[in-house]
**Student:** 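Input: one structure, supplied below.
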Amino acid sequence: MTPSSAYLMPTYARQPVSFSRGQGARLWDTQGIEYLDAIAGVAVTSLGHAHPEIAAVIAEQAGQLLHTSNLFRIEWQERLAERLCAVSGMQRAFFCNSGAEANEAALKLARLHGSARRVTDPQVLVMENSFHGRTLATLSATGNPAAQRGFEPLMPGFVRVPYDDIEALRDAARQFPGIVAVLVEPVQGEGGVRAASAGYLQALRQLCDAHDWLMMVDEVQTGLGRTGSWFGFQQAGIVPDVITLAKALGNGLPIGACLARGWAAELFSPGQHASTFGGNPLACRVACTVLDILAREQLPQRAATLGRRLLAALQEGLSGCPEVLAIRGLGLMVGIELNRQCPELVGRALEEQRLLITVTRGTTLRLLPPLICDDAQIDDIAARVIRLLA
Ligand SMILES: *Cc1c(COP(=O)(O)O)cnc(C)c1O
């Protein structure tokens, strides 16, 4: 019996291609055709496909223990928490299974913070064009009316301002005394690959200090080396109170984390938050191995170097292309904004260039190659994109 999509809820507009095997930055479809992967499962498989160390650790842990529940201590979870705190400057971790759940935990921390301060109508400051997930709370935090349509009533308690606009933050601080936290992406990925300026994140940090807001940074897409540093916020020289992680943490095995420091790290008490699957031995051991490999191979620094190489090649090769409005990026997070809607490019890239890309916001071609690409693969990605747009 050939598989059919008839039994799936039609939540995705999928490409008519299915992959059966991968290795590093390469993928093979069920017909045996080879592709180059420039999206890494949407910033997930940063170490590439079928990484032998990850595969070995999964097999070994599966033969030992998969799950015991959070009724008991879990050594791999404790190790992972300590390792993540060491690289991020945070002090405690809560583990879950996705980016949306990590943000849910952060939003619950914001509510507890407001409740401790006796704020009766607490608000979280969020940004236009942001993306924080698809659960009702994270969808409400997301700055995309099209994604929210039909799901009203949305969760109350958000104040929205334009992104990367310091004056708008100051206005909101004056206008809304109930703000208890801010949730912000260092680079808006789904929002078209837009990086906040360092000065913006610094101003945000100052406002959070001045008004006793929790500074919560959504690093679900930007975290773990993607932007050329361990975390995007580090490039602004600030330290948030809360950060959320997911995508690349398990290299494809589902795991998310909400990390916090100081007061924010002490807000939850037993019984206030939980996840059945969150932080199980398998996911945490795999994530520890991901961190080992990122550190050992200096992949955050490598992402910075490769990102510059990719950006330079694209800027040169697309300089004569009239429909390109902007080429921007940070590390291996690159966007090419066109002067028109271009969703068809995803299918054309697959078919004509054997290249996996995404398009966000309808007009921005987005590249998120695995961090383990070699120079030649980065050059190859650039060449295929240039041919695609030629
Ligand atoms: C992908 C993403 C999320 C949601 O993660 P899921 O695992 O799909 O729930 C949240 N925030 C950002 C910035 C993301 O890129």
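Start at 1 and go down the list; that is how both ligands and their atoms are numbered. Just so you know, these numbers come straight off a predicted model, no measurement behind them.
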**Student:** Would you mind checking which non-hydrogen protein atom is closest to atom 9 (O) of ligand 1, with the distance to 0.1 Å?
**Tutor:**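 Heavy-atom neighbour on the protein nearest atom 9 (O) of ligand 1: A100 N, 2.8 Å.
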
**Student:** Any salt bridge linking D375 with R302? Criterion: basic side-chain nitrogen under 4.0 Å from a carboxylate oxygen.
**Tutor:**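 Result for this pair is yes, salt bridge flagged.
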
**Student:** For ligand 1, does A246 get within less than 4.0 Å through its side chain, its backbone, both, or neither, judged by non-hydrogen atoms?
**Tutor:**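 No part of A246 comes within reach of ligand 1.
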
**Student:** Looking only at protein heavy atoms, identify the closest one to atom 11 (N) of ligand 1 and say how far it is in Å.
**Tutor:**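 For atom 11 (N) of ligand 1, the nearest protein heavy atom is D218 OD2, 2.8 Å.
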
**Student:** What is the nearest protein non-hydrogen atom to atom 5 (O) of ligand 1, stated with its residue, atom name and distance?
**Tutor:**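 Here the closest protein heavy atom is G99 CA, 3.3 Å.
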
**Student:** To the nearest 0.5 Å, how far apart are CG in L112 and CH2 in W263?
**Tutor:**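 Result: 9.0 Å between the selected atoms.
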
**Student:** E78 pairs by salt bridge (Lys or Arg N to Asp or Glu O under 4.0 Å) with which of R92, R73, R285, R83?
**Tutor:**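 It is R73; the other options fail the test.
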
**Student:** Answer with side chain, backbone, both or neither: which part of H132 has a heavy atom less than 4.0 angstrom from an atom of ligand 1?
**Tutor:**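 Just the backbone.
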
**Student:** Mark up the atoms of ligand 1 that fall under 4.0 Å of a heavy atom belonging to K247, in ascending order.
**Tutor:**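 Selected atoms, number and element: 1 (C), 2 (C), 3 (C), 14 (C), 15 (O).
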
**Student:** Please classify the N103 to ligand 1 contact at 4.0 Å (heavy-atom distances, strictly less than): side chain, backbone, both or neither.
**Tutor:**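 For N103, the contact with ligand 1 is made by the side chain alone.
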
**Student:** Distance alone, cut at 3.5 Å: any donor-acceptor contact between the side chains of S275 and N70?
**Tutor:**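 Per modelled atom types, S275 and N70 side chains form no pair under 3.5 Å.
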
**Student:** When E190 is tested against each of R134, R366, R361 for salt bridge (Lys or Arg N to Asp or Glu O under 4.0 Å), which residue passes?
**Tutor:**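 Only match with E190 under salt bridge (Lys or Arg N to Asp or Glu O under 4.0 Å): R366.
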
**Student:** Looking at S98, which atoms of ligand 1 are within less than 4.0 Å of one of its heavy atoms?
**Tutor:**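 Once the distances to S98 are compared, the set is 7 (O), 9 (O).
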
**Student:** Looking only at distances, can you tell me whether any N or O atom of E185, backbone or side chain, sits closer than 3.5 Å to an N or O atom of ligand 1?
**Tutor:**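 In fact, backbone or side chain, E185 has no N or O that close.
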
**Student:** Is the ring pair F268/F94 parallel, tilted or perpendicular, if the boundaries are 30 and 60 degrees?
**Tutor:**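 Judged by the thresholds at 30° and 60°, the geometry between F268 and F94 is tilted.
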
**Student:** Would you say the side-chain atoms of T138 and N103 include a donor-acceptor pair closer than 3.5 Å?
**Tutor:**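 Side-chain D/A pair, T138 to N103: absent.
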
